[in-house]
K.L.:
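Below you'll find the structure I mean.
Residue numbers start from 1 in every chain, and the chains themselves are labelled A, B, ... in the order their sequence lines are given, proteins ahead of strands.
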Amino acid sequence: MIDPQLLRDSPDVIKASLRSRGAQESLVDTALQADAARREAIAAFETLRAEQNVIGKDVAKASGAEKDALLATVKELSTQVKEASARVAEAEEAASSALGALPNLVIEGVPAGGEENFVTLREVGTIPTFAGEVKDHLEIGEALDILDMERGVKVSGSRFYFLKGAGALLEMALTQLGMKVALENGFVPLIPPTLVKPEIMQGTGFLGEHSAEVYHLGEDDLYLTGTSEVALAGYHSDEIIDLTKGPLRYVGLSTCYRREAGSYGKDTRGIIRVHQFQKLEMFSYIDPADAEAEHERLVSWQEQMLQSLGLAYRVIDVAAGDLGTSAARKYDVEAWIPSQSAYRELTSTSNCTTFQSRRLNVRHRPDKGGSTEPVATLNGTLATTRWLVALLETHQQPDGSVLVPEVLQPFMGGLSVISAS
RNA sequence: GGAGACGUCGCAUAGUCCGGCCGAGUGCACCACCCUGCUAAGGUGGAGUCCCCGCAAGGGGACCGAGGGUUCAAAUCCCUCCGUCUCCGCCA
């Protein structure tokens with residue numbers, strides 16, 4: 001949710017942000033009107049309520065004819081109060097949906113435009129070259145018997161898979177490496193629930209534009225999360241947290257579920273786009289003043305991962321029109337995928353500023369004894385199943401084997417090469 | 001799954017039977033000051049969250065798990081939901 005005060009004071013700033021996203025500017029005027037109507041309704045109700053409270057006290061003290069007279073006036077007042085209160089509820093509903101329709105304010109410097117308007121911040125590492133034929137991760141995985149799509153489909157349908165043997169170990173090793181990096185930087189590990197209540201799903205913004213993406217269990221009215229970001233953001237909802245000793249950083253490990261509706265025919269081969277995968281996710285609660293610096297830190301830890309794994313990548317500043325509702329800026333780290341001769345997203349890290357925390361009601365108290373302020377939240381990927389695609393393809397050998405990056409070997413019992421047995 | 005108890009201001013509790021004098025007492029913790037003097041005790045005062053109006057001083061409203069209802073008036077009465085605990089049953 002956008003800061004309502006900002007909406008009132010500087011609607012033009014928000015309009016400019018909407019323009020850069022390619023969204024409707026008129027949303028701002030609608031929200032402004034709804035906000036004004038809401039405040040008007042509140043004022044009307046409170047005036048009546050105050051009067052009712054005063055007379056109510058007199059009723060308690062009075063008796064006899066005097067009491068009957070007071071009762072008559074206050075009865076009339078009571079119906080007015082009820083009506084006014086109903087109008088407040090309506091106006092509040094309208095205002096919150098109008099305000100909720102506004103996406104987060106984009107940070108200055110974010111490229112305007114749609115998906116193709118991203119800006120490449122840097123390219124790092126050497127793009128691998130291969131003497132012979134380049135195999136894709138599925139071909140490699142099947143030949144080594146570490147990735148089994150066929151049986152995944154047999155058991156669960158399309159976009160499901162089995163990781164087997166060294167493949168399963170590789171994913172766990174990657175997770176542990178990420179965990180090591182996170183621990184070194186003060187993150188607290190969390191293994192969160194992957195089924196959440198509607199209000200948490202709503203609060204993190206995934207029931208808006210992503211609603212078709214989300215699995216819902218009707219019987220229990222619970223949602224399967226597509227990222228642990230949901231539970232990590234909900235973790236401190238409705239709390240006043242202490243940031244005086246620095247940011248609260250969590251690293252969440254969870255299985256993620258995505259319906260991938262609307263992506264039929266896209267990335268159907270292999271495990272680039274699947275319904276279920278593992279993800280290690282960083283999440284920071286921080287003073288808004290320090291959010292942009294934290295954003296850079298999150299990216300740097302992601303890059304540290306990619307570098308240590310010997311992957312070539314680029315970092316892009318995602319264009320405003322391609323940002324999620326909650327994000328004020330988003331950096332993607334994209335790894336080189338040899339079989340596609342293209343960079344593909346391996347991580348994504350968003351600065352949600354105070355947008356998410358307003359909705360989830362997460363605050364802190366910057367000054368002792370002072371008032372509360374919303375915190376900033378940021379999230380970023382540290383490892384996912386998709387990384388196996390880049391790892392297998394980049395480190396494939398002419399004989400069909402795959403070299404295991406040195407940093408992963410300790411987590412795989414010292415295994416340095418995955419070869420067909 | 002069956003039976004019962006409970007959910008109050010950071011924590012612990014009073015208040016609910018008999019609706020108004022209860023936005024709410026007490027203890028602990030907290031903050032400021034005083035006293036004393038020394039890793040303690042005592043005294044005084046202050047403290048919650050959210051919203052509305054206001055340049056401000058200030059004024060007003062809401063919040064006793066959540067949501068409805070009854071009533072002029074609800075922490076208190078009624079209903080629904082959520083959660084916690086105890087006992088019994090069942091089970092990885």
K.L.:
Quantified in whole Å, what is the P atom distance between nucleotide B/G43 and nucleotide B/G61?
P.N.:
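To the nearest whole Å, 35 Å.
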K.L.:
Under 4.0 Å between a side-chain N or O of A/Thr73 and OP1 or OP2 of B/C72?
P.N.:
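No, outside the criterion.
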K.L.:
Say you pick atom P in B/G42 and the same atom in B/G59; how far apart are they, in whole Å?
P.N.:
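Roughly 35 Å separates the two P atoms.
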K.L.:
In whole Å, what is the span from the CD atom of A/Glu76 to the P atom of B/C72?
P.N.:
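For the pair A/Glu76 CD and B/C72 P, the rounded distance is 12 Å.
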K.L.:
What nucleotide, of B/G61, B/C50, B/C72, holds the atom closest to the side chain of A/Glu46?
P.N.:
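Closest of the options to the side chain of A/Glu46: B/G61.
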K.L.:
Rounding to a whole Å, what distance do you find between A/Arg8:CZ and B/C55:P?
P.N.:
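Atom-to-atom, A/Arg8 to B/C55, this comes out as 14 Å.
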K.L.:
Between B/G67 and B/C72, how far apart are the two P atoms, rounded to whole Å?
P.N.:
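Straight-line distance between the two P atoms is 23 Å.
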K.L.:
Hey, mind stepping through A/Leu306 and A/Leu311 against side chain to side chain contact (heavy atoms under 4.5 Å, CB included) and telling me if it holds?
P.N.:
CA-CA 5 Å; A/Leu306 280 275; A/Leu311 300 176; 3.8 Å; yes
K.L.:
Give me the distance, rounded to whole Å, that separates B/U16 from B/G7 when you measure between the P atoms they each carry.
P.N.:
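Rounded to whole Å, the distance is 12 Å.
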K.L.:
In Å, rounded to the nearest 0.5 Å, how long is the span from CG of A/Asp322 to CD of A/Glu115?
P.N.:
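With rounding to 0.5 Å, CG (A/Asp322) is 5.0 Å from CD (A/Glu115).
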K.L.:
State whether A/Ser78 places a side-chain N or O below 4.0 Å from either non-bridging phosphate oxygen (OP1 or OP2) of B/A73.
P.N.:
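Yes, A/Ser78 has a side-chain N/O under 4.0 Å of OP1/OP2 on B/A73.
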K.L.:
What's the closest nucleotide to the side chain of A/Gln52 if the choices are B/C72, B/C52, B/G61?
P.N.:
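Selected nucleotide: B/C72.
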K.L.:
Expressed as a whole number of angstroms, how long is the span from A/Gln5:CD to B/C53:C1'?
P.N.:
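Whole-Å distance recorded here is 13 Å.
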K.L.:
Between A/Arg39 and B/C51, is there a contact of a side-chain N or O with OP1 or OP2 at under 4.0 Å?
P.N.:
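False: A/Arg39 side-chain N/O out of range (4.0 Å or more) of B/C51 OP1/OP2.
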K.L.:
Using the C1' atom as the reference point in each nucleotide, state the distance between B/C38 and B/G27 in Å, no decimals.
P.N.:
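After rounding to an integer number of Å, I get 27 Å for this pair.
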K.L.:
Only pairs with both distances under 3.5 Å count, Watson-Crick or wobble alike; so what is the partner of B/C77 in this structure?
P.N.:
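Pair assignment: B/C77 / B/G69.
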K.L.:
Find out whether A/Gln396 and A/Leu392 are in side-chain contact, i.e. whether some heavy atom of one side chain is under 4.5 Å from a heavy atom of the other.
P.N.:
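Answer no - side chains too far apart.
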K.L.:
Determine the interatomic distance between C1' on B/C91 and the same-named atom on B/G1; round to the nearest Å.
P.N.:
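Those two atoms are separated by 12 Å.
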K.L.:
Would you please indicate if the ring centroids of A/His236 and A/Tyr250 are separated by under 6.0 Å?
P.N.:
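Centroid distance A/His236-A/Tyr250: below 6.0 Å, so yes.
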K.L.:
Rounded to whole Å, how long is the line connecting atom CD1 of A/Ile240 with atom P of B/G10?
P.N.:
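Those two atoms, CD1 and P, are 9 Å apart.
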K.L.:
Less than 4.5 Å apart, any side-chain heavy atom of A/Lys279 and any of A/Thr225?
P.N.:
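Heavy-atom side-chain distance check fails, nothing below 4.5 Å.
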K.L.:
Where the side chain of A/Asn53 is concerned, which of B/C51, B/G61, B/C50 is the nearest nucleotide?
P.N.:
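Minimum distance to the A/Asn53 side chain belongs to B/G61.
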K.L.:
Is A/Arg363 close enough to B/U49 that one of its side-chain N or O atoms is under 4.0 Å from OP1 or OP2 there?
P.N.:
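Negative; the distance criterion is not met.
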K.L.:
Under a 3.5 Å cut-off for both contacts, is B/C30 paired Watson-Crick or G-U wobble with anything, and if yes, with which nucleotide?
P.N.:
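Paired with B/G46.
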K.L.:
Which one is paired to B/G1, where only Watson-Crick or G-U wobble pairs with both distances under 3.5 angstrom count?
P.N.:
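Looking at the geometry, B/G1 pairs with B/C88.
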K.L.:
If you measure from the P atom in B/A3 to the same atom in B/G69, how many Å do you get, rounded?
P.N.:
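Rounded to whole Å, the distance is 29 Å.
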K.L.:
Take the protein atom CD of A/Glu239 and the nucleotide atom P of B/G10, then report the distance between them rounded to whole Å.
P.N.:
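The answer, rounded to whole Å, is 13 Å.
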K.L.:
Under 3.5 Å for both donor-acceptor distances, Watson-Crick or wobble: does B/C38 have a partner, and if so which one?
P.N.:
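B/C38 is unpaired by these criteria.
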K.L.:
Once you round it to whole Å, what is the distance between P of B/C82 and CG of A/Asp238?
P.N.:
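So the CG-P distance, A/Asp238 to B/C82, works out to 19 Å.
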K.L.:
For B/G58, what is the paired nucleotide under Watson-Crick or G-U wobble rules, both distances under 3.5 Å?
P.N.:
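The answer is B/C53, by the H-bond criterion.
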K.L.:
Tell me, do A/Leu102 and A/Leu18 make a side-chain contact under 4.5 Å, heavy atoms counted?
P.N.:
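Yes; the side chains approach each other to less than 4.5 Å.
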K.L.:
Hey, does the side chain of A/Arg38 come within less than 4.0 Å of B/C52's phosphate (OP1/OP2), counting only N and O?
P.N.:
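True: A/Arg38 side-chain N/O within range (under 4.0 Å) of B/C52 OP1/OP2.
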K.L.:
What's A/Thr47 touching, base or sugar-phosphate or nothing? Going by heavy atoms closer than 4.0 Å.
P.N.:
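Here A/Thr47 touches no strand at all.
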K.L.:
With a cut-off of less than 4.0 Å, is there a side-chain N or O of A/Arg49 near OP1 or OP2 of B/G60?
P.N.:
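No, A/Arg49 has no side-chain N/O under 4.0 Å of OP1/OP2 on B/G60.
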K.L.:
To the nearest angstrom, how far is A/Asp242 atom CG from B/G10 atom C1'?
P.N.:
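Interatomic distance, CG of A/Asp242 to C1' of B/G10: 13 Å.
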K.L.:
Could you check A/Asn361 against A/Glu51 and say which one's nearest nucleotide on RNA chain B is further toward the 5' end?
P.N.:
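By nearest-heavy-atom nucleotide position, the 5'-most residue is A/Asn361.
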K.L.:
Of A/Ile42 and A/Lys197, whose nearest nucleotide on RNA chain B comes first from the 5' end?
P.N.:
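Closer to the 5' end of RNA chain B: A/Ile42.
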K.L.:
What nucleic acid atoms does A/Arg358 come within less than 4.0 Å of, heavy atoms only: base, sugar-phosphate, or nothing?
P.N.:
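Touches nothing.
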K.L.:
Measuring from A/His295:NE2 to A/Lys330:NZ, what's the distance to the nearest 0.5 Å?
P.N.:
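Nearest 0.5 Å value for the NE2-NZ distance: 9.5 Å.
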K.L.:
Between B/G48, B/A73, B/C72, which nucleotide has the shortest distance from any of its atoms to the side chain of A/Arg365?
P.N.:
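Looking only at heavy atoms from C-beta outward on A/Arg365, the closest nucleotide is B/G48.
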K.L.:
Rounded to the nearest 0.5 Å, how far does CG of A/Asp332 lie from OG of A/Ser348?
P.N.:
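Here the interatomic distance stands at 4.0 Å.
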K.L.:
Considering Watson-Crick and G-U wobble pairs with both distances under 3.5 Å, what does B/G7 pair with?
P.N.:
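Base partner found: B/C82.
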K.L.:
Sticking with atom C1', work out how far B/C28 lies from B/G20, rounded to a whole angstrom.
P.N.:
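Their C1' atoms lie roughly 32 Å apart.
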K.L.:
Report the distance from atom CD of A/Glu40 to atom P of B/G60, rounded to the nearest whole Å.
P.N.:
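My rounded result for the distance is 22 Å.
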